[in-house]
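Note that these values count all heavy atoms, side chains included, but never hydrogens, waters or copies made by symmetry.
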Amino acid sequence: MKSTIYYGPHDVRVEERPIPTIKNPGDLIIRVVRTCVCGSDLWPYRSQDANSAGTPIGHESIGVVTEIGADVTAAKPGDFVIVPFPISCGECAACKAGFESSCLNGGYFGGAESEGCQSEYLHVPHADGTVVNVSEALAAGDIPGAPASPKDFTDEMLSDLLTLSDVMGTGYHAAVSAEVKPGYTAVVFGDGAVGLCGVLSAKLLGATRIIAMSRHEDRAAIAREFGATDIVPERDDAAVARVMELTGSGADAVLECVGSAQSFNTALRVGRPGAVIGRVGLPHGVQIPADATFYRNIGIKGGPAPVRTYARQRLLREVLAGNIHPGRVFTKTYALDEVPQAYADMDARRVIKALVKVSEVEG
C-alpha cells in the first residue's frame, strides 16, 4: 500500500509499505476513504517537534472496515467508521470519564508502523474503544435528513465526517472547556481549521457574539460563515485593546486554538474576571503565570480533545442531519501521491486545510 512517511523537516514521502494485518484480537483494519493534513502535522514538518525519520504520519481518517479481530464488537467488515486521532481502550478511568484522549492504555495515530492515517490502509488497535461506527448510527434510522447509507454520502458529507476525527471535535472541546453558554461573548484565537471549528462550536453552544482573531481574509470569511460576529486582526496589546473596546470588560469565554506563547499570553488578558480559557492548541513555549490567573479568577481547562465522546454525544448527528458543515475548512483536495505538495501548500498558507482523497466508499 501507499503510505506517507516522515523523514525530516520539509521531507515527507509517499512510499510502498505492507498492508497492515490484525495483530491482536481487539484490532481492526480499514481501507481509508479520506484523510487530511493537520496543522499539528506541520510542527515536525517545520522541525519544531522531534519525530523519528522513517515513521508514518497522519492522525485523521475515515474509511471502510476490511477485517476485524476476534474480540471486536464495535464494527464489522463493510461498516463505515470514523477513526478519531486518539487510540483509546474504552475501559480505563479516563475513557469511562469521557476523556479517552488521555487514555491510560492508548496513544495517538501517526508514528507507529501501519498507524499513520495518510495511507491506503490503517491498523486500528483497541477498536472497540476507538472507532465511531457511522453505519450503525444510520441504521438506527432516527436522524432526520440523514443519508440512507454510506454509499449515498456526497463529497461534502465525507469532508464533514472527516473533521469529526479531529478538528471539529477539537474546536468543540475548546468551546466546552471554555464553558460557552447561551448568550455568551466568546473570543476565538486561531484561524486555522481548529479555530474555525471553534467558532462553529461556540455558535452551536449558544454564544451570541463571537470574536474571531484573524488577519487572513479567506479564513475570516469562513469564520463569518460559521458564526463570527466580529473579526479582530490585531495582535498583542492592540488585540487586547480592541477586544476590550468591543466587550467593555472582556469576553465571557476564551478559546485558545493555537498553542503559541503569543496567542496564549493574549488569551490570558481578554477574558472578563471569572472567564475560562479553553485551550486546545498544542502548547509550544507556553507558561502560565500564577498572578495573571489568580487575582482575576481566570480558569484554564482543555488539552487533547475527546473527539470520540463528542461525536457520539452530538456532533455525528449534527453532521449526518446536515445541520453543520465543518468540512468547509478543506480548501483544496489532493491525491495520496500529492501529499508532499499538500504539506508544502499548508506550510505556505496557500490552503487552510488539505483534504486527501484516497478511495471511494464503494471501493
Side-chain angles (χ1 to χ4, degrees), residues 1-20 29-46 51 53-66 80-85 109-124 134 150-168 192-193 196 218 222 319 325-363:
M1 70 168 183
K2 294 177 180 178
S3 182
T4 305
I5 310 298
Y6 173 87
Y7 279 96
H10 300 278
D11 186 4
V12 294
R13 311 172 196 173
V14 178
E15 298 183 342
E16 287 291 332
R17 292 290 172 103
I19 294 175
I29 309 297
I30 71 162
R31 172 177 55 79
V32 176
V33 171
R34 297 288 189 275
T35 184
C36 54
V37 180
C38 184
S40 62
D41 293 330
L42 296 181
W43 290 104
Y45 185 77
R46 293 167 174 162
N51 275 33
T55 57
I57 195 168
H59 55 263
E60 300 158 279
S61 64
I62 54 176
V64 177
V65 177
T66 60
F80 188 93
V81 298
I82 299 166
V83 181
F85 73 90
F109 285 98
E113 189 62 40
S114 301
E115 291 170 13
C117 290
Q118 294 162 9
S119 304
E120 290 183 294
Y121 290 86
L122 178 68
H123 171 253
V124 181
V134 181
K151 68 179 178 9
D152 299 316
F153 288 158
T154 63
D155 283 342
E156 180 184 47
M157 177 69 75
L158 289 170
S159 294
D160 291 339
L161 289 168
L162 179 57
T163 68
L164 301 187
S165 68
D166 185 352
V167 293
M168 181 60 205
L196 293 171
D218 58 334
I222 296 177
V319 164
H325 296 288
R328 287 279 291 111
V329 299
F330 295 111
T331 53
K332 189 170 181 180
T333 302
Y334 300 79
L336 187 57
D337 285 330
E338 299 173 318
V339 167
Q341 185 61 51
Y343 273 82
D345 288 346
M346 279 190 64
D347 184 43
R349 286 183 169 267
R350 289 187 287 265
V351 299
I352 296 174
K353 189 168 178 66
L355 174 69
V356 181
K357 183 182 289 190
V358 182
S359 66
E360 297 302 334
V361 174
E362 296 190 286

Would you give the length of the straight line joining atom [atom1] of [X] to atom [atom2] of [Y], rounded to the nearest 0.5 angstrom?
X      : Y      : atom1 : atom2 : value
Asp160 : Met168 : CG    : CE    : 10.0 Å
Ser119 : Ile57  : OG    : CD1   : 10.5 Å
Leu196 : Thr163 : CG    : OG1   : 11.5 Å
Thr66  : Tyr121 : OG1   : OH    : 6.5 Å
Thr331 : Met346 : OG1   : CE    : 8.5 Å

- Applying side-chain contact (heavy atoms from CB on, under 4.5 Å), run through Leu355 and Ser159 and close with a yes or a no. CA-CA 8 Å; Leu355 174 69; Ser159 294; 3.6 Å; yes
- When Asp11, Asp41, Asp347 are each screened for salt bridge (Lys or Arg N to Asp or Glu O under 4.0 Å) with Arg46, the one that passes is Asp347
- Message: Distance alone, cut at 3.5 Å: any donor-acceptor contact between the side chains of Arg31 and Ser359?
- Response: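 Distance-only check passes for Arg31 and Ser359.
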- Message: Regarding Glu338 and Tyr343, do their side chains bring together a donor and an acceptor under 3.5 Å, going by distance alone?
- Response: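 The criterion, which ignores hydrogens and geometry beyond distance, is not satisfied for Tyr343 and Glu338.
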- Message: Using the side chain to side chain contact (heavy atoms under 4.5 Å, CB included) criterion, which residues pair with Glu15? Sequence neighbours excluded.
- Response: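 Per chain and number, Glu15 pairs via side chain to side chain contact (heavy atoms under 4.5 Å, CB included) with Ile5, Tyr7, Arg13, Arg17.
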- Task: Carefully, step by step, assess Tyr45 and Tyr6 under the rule ring pair (Phe, Tyr, Trp, His ring centres under 6.0 Å).
- Result: CA-CA 8 Å; Tyr45 185 77; Tyr6 173 87; 8.1 Å; no
- Can you see which heavy atom on Lys353 is nearest to which on Val37, and at what distance?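 That would be NZ-O, 2.9 Å.
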